[in-house]
Amino acid sequence: TLEGEVNRMLEWNDRLFGAYKPLAEYYAERKKPKLIKTKDGLEVDVLEINYHKKRPKDPEPNWWMWVGRTSWETETEKIELGFYGYVDVQFAKKFRKQFVTAVKTFKRREIENPTTTATDEGGGQISQAEKDIQEFIRTKIIKGWKYERTQHYLVVYDEDVDKKIVNRVTKEIEALREQVYEVVFPPDHPVEAISIVRVCENKTQYMAYGAPGGSAGYWSPYHKELVLYQDRNDKKDAIRVLYHEAFHQYIFYSVGEVSPHSWFNEGHGDFFSGHVYNNGKFKLAPFGWRTETARKAKARWKKGIFRVRAKGKPGATGDGSGDGKKAAPGEPEPERLTLAEWLTWRQRQYYGGNDFGLQGGDDYALGWSFIYFLRTTKNEAYRKILPNYFNTLKSFVTQAREAREKALEDGLGGGEPGEPGADGGDGDGAGGAGGTNGKRAEGDGPAAGTPAEGETTDEITRDQWHGEALKTATRGIDIEQLEKDWLAHKW
């Protein structure tokens with residue numbers, strides 16, 4: 001529904017739109033409705049969320065959203081229609097005009113039933129994935145944009161993007177998938193989808209396309225596009241971003257719409273960004289974007305990062321830095337950040353909304369460092385943590401998908417899958433381990449309590465999957481010793 005979609009967007013992105021408030025309250029609080037008429041006379045009731053006449057001095061929250069809704073009735077049903085769009089406030093004036101135009105041009109029409117079946121050049125029937133990509137090319141490649149096809153990807157790019165970057169993207173993304181992604185995380189099922197990668201000419205065009213503030217690239221499961229831009233000052237940056245975001249995109253199609261904990265999710269994205277392509281082969285290396293930040297953050301951690309409470313409340317620890325603060329006489333000693341707690345953090349905490357004063361950049365670096373340590377350590381028990389974590393999480397995803405498919409086959413109506421990222425994630429996919437065609441996933445099997453064959457996941461809800469995965473991954477592991485060993489590691 002429109003309301004569910006918008007509420008999810010507002011709740012997950014409070015750093016963009018401000019404190020969460022459901023759409024229904026925005027509609028209830030406004031003084032009078034604003035109406036836009038479509039071509040065939042429908043009145044669309046619209047409202048703006050977080051609109052500023054002038055760009056606010058405070059950089060956050062600084063995004064703007066316009067939502068519109070309408071409905072009509074036929075002899076047999078009532079149909080509800082919704083429109084919504086969102087951009088950085090700096091683009092709001094231009095986007096408002098585009099939004100109004102889009103709403104005004106909406107027109108209902110009769111369904112056109114196709115009379116022929118699409119075929120390939122040899123006369124055979126083409127797959128649904130190929131139909132989808134052909135439709136995308138026909139309708140979404142607008143003037144000023146070009147595209148290149150590879151076996152698994154459609155690379156769409158602004159005509160002013162340096163062709164050398166386009167050539168690197170098309171060549172290296174296929175090699176990365178074959179040599180790295182599929183080796184570390186074998187696909188859960190045959191993947192027919194063609195993945196879309198969009199390369200914008202510059203950061204301005206990238207941000208106007210709807211990119212999150214402060215990002216260098218993003219993968220949108222909703223729009224099914226990976227988007228990045230060329231940095232003419234350092235053209236290698238676009239490739240590093242590609243390695244990270246293409247990992248999320250690959251997992252979305254190969255395993256399913258699943259969001260592990262952010263340390264696993266973003267840590268693996270940066271782990272793949274550290275790979276170096278040379279003479280047709282990929283080789284693992286530390287990711288230079290994170291090494292120095294990781295070193296400093298781990299040094300702070302060793303000294304002690306303490307819980308920071310709001311001023312005026314018992315146990316307040318000062319200025320919010322969280323570093324080495326001691327309790328005042330008579331006050332309880334503040335809690336120190338531990339690996340056991342950090343591993344449970346949800347996306348909002350990982351992005352800086354935590355009680356310890358750690359910022360998103362620190363957590364990204366720590367996530368990369370932890371994944372790099374576990375992927376390169378010689379300790380066999382530690383090496384099993386990552387595959388055990390994801391094998392458990394993936395088992396829930398697979399069982400849920402199979403249960404839905406079976407319900408649909410039986411005519412029972414399998415319903416819709418659970419909301420992506422029920423832990424507050426952004427829907428990004430994340431790395432996994434598994435296998436097809438008899439391949440055994442790396443590491444031990446799922447722990448007791450994970451769905452057995454043929455069992456549904458009704459009793460273990462999606463919000464519990466992450467806890468079960470973490471519990472399985474760390475079973476038999478001395479977490480305090482793991483923390484010491486990781487902090488002692490160079491990266």
Side-chain angles (χ1 to χ4, degrees), residues 1-72 79-109 139-145 156 158 198 200-215 218 220 222-225 227-229 426-427:
T1 65
L2 172 70
E3 186 167 350
E5 184 72 22
V6 171
N7 283 345
R8 181 173 64 172
M9 185 67 63
L10 294 174
E11 185 173 10
W12 285 359
N13 294 289
D14 58 350
R15 64 189 186 282
L16 302 180
F17 297 106
Y20 170 69
K21 185 167 62 175
L23 182 62
E25 289 189 21
Y26 282 104
Y27 270 107
E29 292 174 357
R30 65 186 180 164
K31 295 180 179 179
K32 62 179 181 179
K34 295 181 182 179
L35 302 175
I36 300 175
K37 279 195 175 182
T38 68
K39 270 192 172 182
D40 51 0
L42 288 173
E43 291 188 337
V44 180
D45 187 3
V46 301
L47 62 80
E48 294 173 90
I49 295 174
N50 201 38
Y51 176 65
H52 302 271
K53 289 184 178 180
K54 295 183 180 180
R55 185 170 174 80
K57 294 181 180 180
D58 184 357
E60 293 183 318
N62 62 356
W63 271 43
W64 168 88
M65 178 185 286
W66 201 339
V67 182
R69 62 186 184 186
T70 187
S71 65
W72 66 91
I79 301 170
E80 295 181 341
L81 172 70
F83 302 85
Y84 78 104
Y86 49 92
V87 291
D88 189 295
V89 168
Q90 64 180 307
F91 303 109
K93 185 176 181 180
K94 181 178 180 181
F95 183 71
R96 181 194 283 108
K97 295 178 181 178
Q98 296 173 341
F99 186 87
V100 172
T101 299
V103 173
K104 285 184 175 179
T105 56
F106 176 81
K107 185 177 182 180
R108 294 165 289 183
R109 62 180 175 84
T139 61
K140 300 292 182 69
I141 309 296
I142 62 176
K143 184 178 179 180
W145 291 79
V156 182
D158 185 280
R198 183 179 295 272
C200 296
E201 177 192 1
N202 50 43
K203 189 170 184 178
T204 300
Q205 186 184 65
Y206 167 78
M207 293 302 298
Y209 195 68
S215 67
Y218 70 96
S220 170
Y222 182 82
H223 300 100
K224 293 184 173 59
E225 284 193 29
V227 187
L228 61 151
Y229 66 93
D426 60 3

task: List the atom of Gln205, the atom of Asp158, and the distance in Å for their closest heavy-atom pair.
output: NE2-OD2, 2.9 Å
message: Below 30° counts as parallel, above 60° as perpendicular, anything between as tilted: where do the rings of Phe17 and Trp63 land?
response: perpendicular
- prompt: Checking Tyr27 side chain against Asp45 main chain: does a donor-acceptor pair fall under 3.5 Å?
  reply: yes
message: How close do Gly68 and Leu2 get, counting heavy atoms only, and between which atoms?
response: O-CD2, 3.5 Å
- prompt: At their closest point, which heavy atom of Ser215 faces which heavy atom of Tyr206, and how far apart are they?
  reply: OG-OH, 2.6 Å
task: Looking only at non-hydrogen atoms, find the nearest pair between Val227 and Cys200 and report the distance.
output: CG1-SG, 4.0 Å
field: Verdict with reasoning, Leu81 to Phe106, per side chain to side chain contact (heavy atoms under 4.5 Å, CB included)
entry: CA-CA 11 Å; Leu81 172 70; Phe106 176 81; 3.5 Å; yes
task: Rounded to the nearest 0.5 Å, what's the gap from NZ on Lys32 to NZ on Lys34? Could you check?
output: 9.0 Å
task: With rounding to the nearest 0.5 Å, note down the distance linking CD in Glu5 to CZ in Arg8.
output: 4.5 Å
message: To the nearest 0.5 Å, what is the distance between NZ on Lys203 and OH on Tyr229?
response: 4.5 Å
statement: Nearest heavy-atom contact between Tyr218 and Pro212 is CD2-CD, 3.6 Å
field: N/O donor-acceptor pair under 3.5 Å between Asn7 side chain and Leu23 backbone
entry: yes
message: Rounded at 0.5 Å granularity, tell me how far CD in Glu29 sits from NZ in Lys21.
response: 3.5 Å
field: Residues in ring pair (Phe, Tyr, Trp, His ring centres under 6.0 Å) contact with Phe95, at least two apart in sequence or another chain
entry: Trp64
task: Check whether any side-chain N or O of Thr70 sits under 3.5 Å from a backbone N or O of Glu43 as a donor-acceptor pair, and report yes or no.
output: yes
message: Evaluate Met65 against Leu10 for side chain to side chain contact (heavy atoms under 4.5 Å, CB included), listing each step before the verdict.
response: CA-CA 9 Å; Met65 178 185 286; Leu10 294 174; 4.2 Å; yes
query: Between Tyr209 and Glu225, does any side-chain donor sit less than 3.5 Å from a side-chain acceptor?
result: yes
message: Rounded to the nearest 0.5 Å, what separates atom CD in Glu80 from atom OG1 in Thr1?
response: 8.5 Å
query: Can you name the nearest heavy-atom pair linking Ile36 to Trp66, along with the distance?
result: CD1-CZ2, 4.3 Å
field: Short N-O contact, Glu3 and Arg69, less than 4.0 angstrom
entry: no
field: Approximate separation, where rounding is to 0.5 Å, of Tyr26 OH and Ile49 CD1
entry: 5.0 Å
